[in-house]
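Okay, structure first, notes after.
Excluded from the calculations below are hydrogen atoms, water molecules and symmetry mates; all remaining heavy atoms, backbone and side chain alike, are included. Letters A, B, ... mirror the listed sequences (proteins, then strands); counts begin at 1.
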Protein chains: 2
Amino acid sequence: MVTMKEIAKQAGVSVSTVSLVLNNRDEGRVRDIVANEVRDIASQLGYRSNPLASSLRTGRTHMLGFISEDVATTPYAGGMILGAQRAAQQLGYMLIVVSTDGPRNEAEEIAALKRYGTDGFLYAKMSNRIVTVPEALKDTPLVLMDATDGTGETASIEPDEFHIGYDATKRLLAAGCERIAYVGAESPIVAERGRMEGYRTALAEAGRSVNERLIVHVGNNEPALAAVNELFDAAQPDGFFCFNDARAWYVYECAARRGLTIGRDISVVGVDNHRVFADTLVPQLTTVELPHFEMGYWAAAKLVSIIEERSLADMDWPDTAAPLPPMNTSTPAAIHCALIEKDSVRK
Amino acid sequence: MVTMKEIAKQAGVSVSTVSLVLNNRDEGRVRDIVANEVRDIASQLGYRSNPLASSLRTGRTHMLGFISEDVATTPYAGGMILGAQRAAQQLGYMLIVVSTDGPRNEAEEIAALKRYGTDGFLYAKMSNRIVTVPEALKDTPLVLMDATDGTGETASIEPDEFHIGYDATKRLLAAGCERIAYVGAESPIVAERGRMEGYRTALAEAGRSVNERLIVHVGNNEPALAAVNELFDAAQPDGFFCFNDARAWYVYECAARRGLTIGRDISVVGVDNHRVFADTLVPQLTTVELPHFEMGYWAAAKLVSIIEERSLADMDWPDTAAPLPPMNTSTPAAIHCALIEKDSVRK
DNA sequence: GTGAAAGCGCTAACAA
DNA sequence: TTGTTAGCGCTTTCAC
């Protein structure tokens with residue numbers, strides 16, 4: 001590994017000079033000839049700085065800590081991690097990934113990350129909810145993903161849940177549905193409530209009254225299937241907005257058993273269906289795919305902007321790779337999901 | 001942040017002594033009284049070593065590099081990352097995650113990881129295949145995941161593809177199927193060939209002749225669906241072994257259109273179905289879930305064992321967390337998939 | 001047994 | 001404009 005020392009020797013200057021030049025702090029402090037000489041030698045030798053060594057002095061490691069809960073929801077975590085990684089990479093950062101079991105373990109993992117001197121933290125949940133920020137994270141740069149804090153103190157990136165429900169319901173209305181059902185989840189987290197609000201609002205705006213019998217909140221497996229079955233019998237919906245993929249499939253299953261075809265007899269919009277459903281299997285099923293990759297991407301970008309105290313707009317994006325375009329995939333088979341960016345209140 | 005210096009001051013000894021004690025190299029070199037004193041103060045002050053600082057001298061960062069291809073297969077990557085993270089965590093390592101677009105970008109990312117001084121690399125593919133190890137990785141501790149190299153030079157963890165096909169076919173035979181189809185993929189990677197071999201062998205062992213018309217290799221979307229449809233017409237299979245979830249669902253779809261019920265009229269075993277299928281939706285569908293988490297876990301554990309030059313057996317597993325038990329989930333609805341561990345040939 | 005000193009690669013005051 | 005010096009937190013000889 002080639003060090004500044006070697007460059008200094010070859011160039012016949014001191015290490016400090018090399019340091020100045022290679023950190024682009026040489027303007028008016030080092031003669032251009034010398035500076036160029038140093039740069040030449042550096043690139044010739046293939047010099048690459050040792051970020052760990054410099055971190056010792058600067059206190060900056062250019063490493064980001066990614067904290068996720070490691071429940072069985074790995075598909076989502078994967079997308080976020082990859083997205084965050086992409087942004088980190090483009091902005092010259094590394095991503096250290098850590099997953100937690102419970103709150104105890106969480107504190108430990110945060111401590112471990114801190115020992116490694118991560119410059120900031122990404123704190124990810126697997127479904128949009130209000131979280132209380134762990135104590136140990138309060139004094140460092142931090143961005144919440146798929147979550148917000150109650151107080152608005154912390155920066156966050158989350159899906160626009162309201163518009164998911166709103167757009168989905170609009171789509172069903174446009175398809176001519178008369179009795180649009182909402183098949184939701186049981187826990188009243190942000191995602192649940194937001195999507196349901198969107199559903200209600202879209203109906204209201206269309207001048208429809210909301211029939212409460214068309215709204216169900218179901219859990220999983222057989223009980224859920226039974227509940228959806230019951231919904232079919234009781235209210236005979238011709239349109240369904242489903243909280244997530246599992247719920248969409250209870251609908252699919254019930255429809256299949258009745259000989260109803262999605263896209264002809266009934267319409268279904270489901271959030272977050274696995275790609276394998278959406279792309280290849282039931283093209284009649286309209287989906288809202290949660291932009292986990294994008295969430296990770298923008299959360300990491302935002303974190304870096306906080307760390308470097310500059311605005312997202314004038315980050316040092318590499319020429320080669322423009323920042324990721326906003327998701328924009330509203331096709332007949334998919335509904336676009338926007339992200340909401342919240343800044344931290346405290347400066 | 002509390003440093004050795006502070007401990008030294010409080011204990012009235014030198015930093016070197018503290019270092020010796022805290023690294024458990026004090027036997028016969030430091031008086032027990034002093035050693036205990038140091039340890040007491042350390043724990044009292046909540047001392048935690050700064051791994052980056054020590055890396056400067058030792059050359060060991062206790063960081064592992066995880067390299068994956070960032071194609072749209074994020075669900076798999078996520079599981080592997082989380083698994084690797086778990087093992088790393090248990091063994092006192094951190095995981096740095098990096099994803100690549102193509103070979104060019106790959107070399108860059110490897111270089112970046114090396115600058116951060118990662119002690120070794122995990123190189124993950126998203127479907128078991130033979131890879132040529134990137135030049136830059138040849139001289140460092142390395143474990144391939146869901147991949148092997150052609151030469152057997154590199155340590156690896158991969159699923160036992162042969163037995164996946166073998167066990168799945170056995171299961172179908174046990175279910176009384178007479179005409180068992182193989183619905184495979186088009187590219188002849190290790191996973192494809194291995195599973196098909198298992199299928200053929202199981203049939204042969206059962207004294208069945210292999211009917212080539214029951215074997216199809218299909219791509220995606222409509223053409224694939226058409227091909228599977230054709231398979232139903234031409235060979236009227238009563239059992240299906242499907243290469244993966246997408247393939248399983250072409251079968252599901254064709255069956256549905258014919259009014260055939262899985263588990264009654266036909267039997268289906270599919271590899272790697274998304275959990276949402278397997279758990280909640282088509283319980284009649286038998287699945288082989290590829291143990292991505294476990295693959296990540298064991299690959300990371302193996303990598304650490306290579307780095308620390310000890311056997312997997314006598315690693316420093318924390319008391320709190322026993323190493324992950326081998327997957328053992330062969331239920332009527334799931335087939336257990338074993339992992340194959342290969343050591344590197346060169347010492 | 002213990003401590004002083006050097007040094008890992010780099011940055012940052014300060015002198016020159 | 002440049003070099004010297006000191007030091008980040010830690011490990012490691014080597015002298016005492």
Could you check whether [X] pairs with [Y] (Lys NZ or Arg NE/NH1/NH2 to Asp/Glu carboxylate O, under 4.0 Å)?
X: A:Asp146; Y: A:Arg129; result: no
X: A:Asp139; Y: A:Lys114; result: yes
X: B:Asp149; Y: B:Lys138; result: no

### Contact under 4.0 Å: B:Arg29 side-chain N or O vs C:dT2 OP1/OP2
no
### Task
Using only side-chain N and O atoms of B:Thr17, determine if any of them is under 4.0 Å from OP1 or OP2 of C:dG3.
yes
### Query
Do the ring planes of A:Trp317 and A:Trp298 sit parallel (below 30°), tilted (30 to 60°) or perpendicular (above 60°)?
perpendicular
### Distance in angstrom units between B:Ile7 CD1 and D:dG9 C1', rounded
11 Å
### Task
Figure out the CG/C1' separation between B:Asp26 and D:dT11, and round it to whole Å.
15 Å
### Task
List the protein contact pattern of nucleotides 7-12 of chain C with one symbol per nucleotide (5' to 3'): B for base contact, S for sugar-phosphate-only contact, - for none; contact means a heavy-atom distance under 4.0 Å.
BBBBBB
### Query
Base, sugar-phosphate alone, or nothing: which one does B:Gly28 contact when heavy atoms must sit under 4.0 Å apart?
sugar-phosphate
### Message
Need one value for A:Gly117: base, sugar-phosphate or nothing, where a base atom within 4.0 Å counts as base even if backbone is also close, heavy atoms only.
### Response
nothing
### Query
For B:Leu64 and B:Phe121, what are the C-alpha separation, side-chain angles and deciding distance, and is it a side chain to side chain contact (heavy atoms under 4.5 Å, CB included)?
CA-CA 6 Å; B:Leu64 269 24; B:Phe121 292 84; over 6 Å; no
### Message
Can a donor-acceptor pair be found, under 3.5 Å and without considering hydrogens, that links the side chain of A:Thr61 to the backbone of A:Gly117?
### Response
yes
### Query
Quick one: does A:Arg31's side chain have a donor or acceptor within less than 3.5 Å of a partner on A:Ala35's backbone?
no
### Message
Between the opening five pairs and the closing five pairs of the helix from C:dG1-D:dC16 to C:dA16-D:dT1, how far apart are the helix axes, to 10°?
### Response
50°
## Note on the structure
On a heavy-atom basis, the closest approach of B:Tyr297 and B:Ala87 is O-CB, 3.3 Å
